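In each ligand, atom 1 is the first atom listed, and ligand 1 is the first ligand listed. The structure presented is a predicted model; accordingly, all values stated were derived computationally and were not measured.
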Amino acid sequence: MKNDGAAAGPPSAGPPARLTVLVGPTAVGKGTIVAELRRRHPDLFVSISATTRAPRSTEADGVHYHFVSQEAFDELIARDQMLEWATVHGTHRYGTPRGPVEARLASGRPALLEIDLDGARQVRRAMPQAQMVFIAPPSWEELVARLEGRGTEGSRERERRLATARVELDAAAEFDHIITNDTVARATDELESLMGLTG
Ligand code: 5GP
């Protein structure tokens, strides 16, 4: 749906926004939606973030993230090579390498970032023409159920993520569009259309 919240950005006059920034609380299904979008559009550019957190057993360096040391992350910031960065869930740092995103946009093709609320606010300041999209759960209860059902975090980490989720949900009105992830197929349809990837 179009978000008519007071803080929403200007309506998209002129050419469609080429950079789309996707934000949503933990376990809302952002990753699944992005995976489905990539399945439909294998050439879609999705930024690979740098992070100081350790890889999970299912993750590969340079594919899911660029896994870097604290020192390397500091260096990326010092060299102004981060479009945005933030400490997420109060623990690890994550950031968007600037070069690949700018190169993609310069070539006139769309790009997608999946980042946290702090980072999205930084991108909005740096690139006001970016399209800000929030993925919302059908309800708070459903979000808690999805996080527990996923079973990838212990109870303390789940609590931390839910605390962040409350803050993020409260900020949904800042976004240009809110997509409710009721079903992956429908939510992906909506994102696809916002990014101008249909027809
Ligand atoms: P996870 O540790 O589960 O892979 O990711 C945790 C959170 O970090 C996600 O909610 C995701 O949105 C956020 N995140 C991932 N990459 C970036 C990034 O480049 N910048 C910012 N600000 N947040 C990110």
Say whether Gln131 and Arg18, considering side chains only, have a donor N or O and an acceptor N or O under 3.5 Å apart.
-> no
Classify the side-chain pair Glu192/Thr198 by whether it contains a donor and acceptor separated by less than 3.5 Å.
-> no
Protein residues near ligand 1, heavy-atom distance below 4.0 Å?
-> Lys30, Ser49, Arg53, Arg56, Tyr65, Glu84, Ala86, Val88, Tyr94, Gly95, Thr96, Glu114, Ile115, Asp116, Gly119, Arg161
Does the side-chain contact (heavy atoms from CB on, under 4.5 Å) test come out yes or no for Glu36 and Val34, once each step is laid out?
-> CA-CA 5 Å; Glu36 172 59 13; Val34 172; over 6 Å; no
Side chains of Thr152 and Arg150, donor plus acceptor under 3.5 Å = yes
Ser107 and Arg109 side chains, donor-acceptor separation under 3.5 Å = yes
Go through the structure and list residues passing side-chain contact (heavy atoms from CB on, under 4.5 Å) with Arg121, not counting sequence neighbours.
-> Leu117, Arg125, Ala171, Glu174
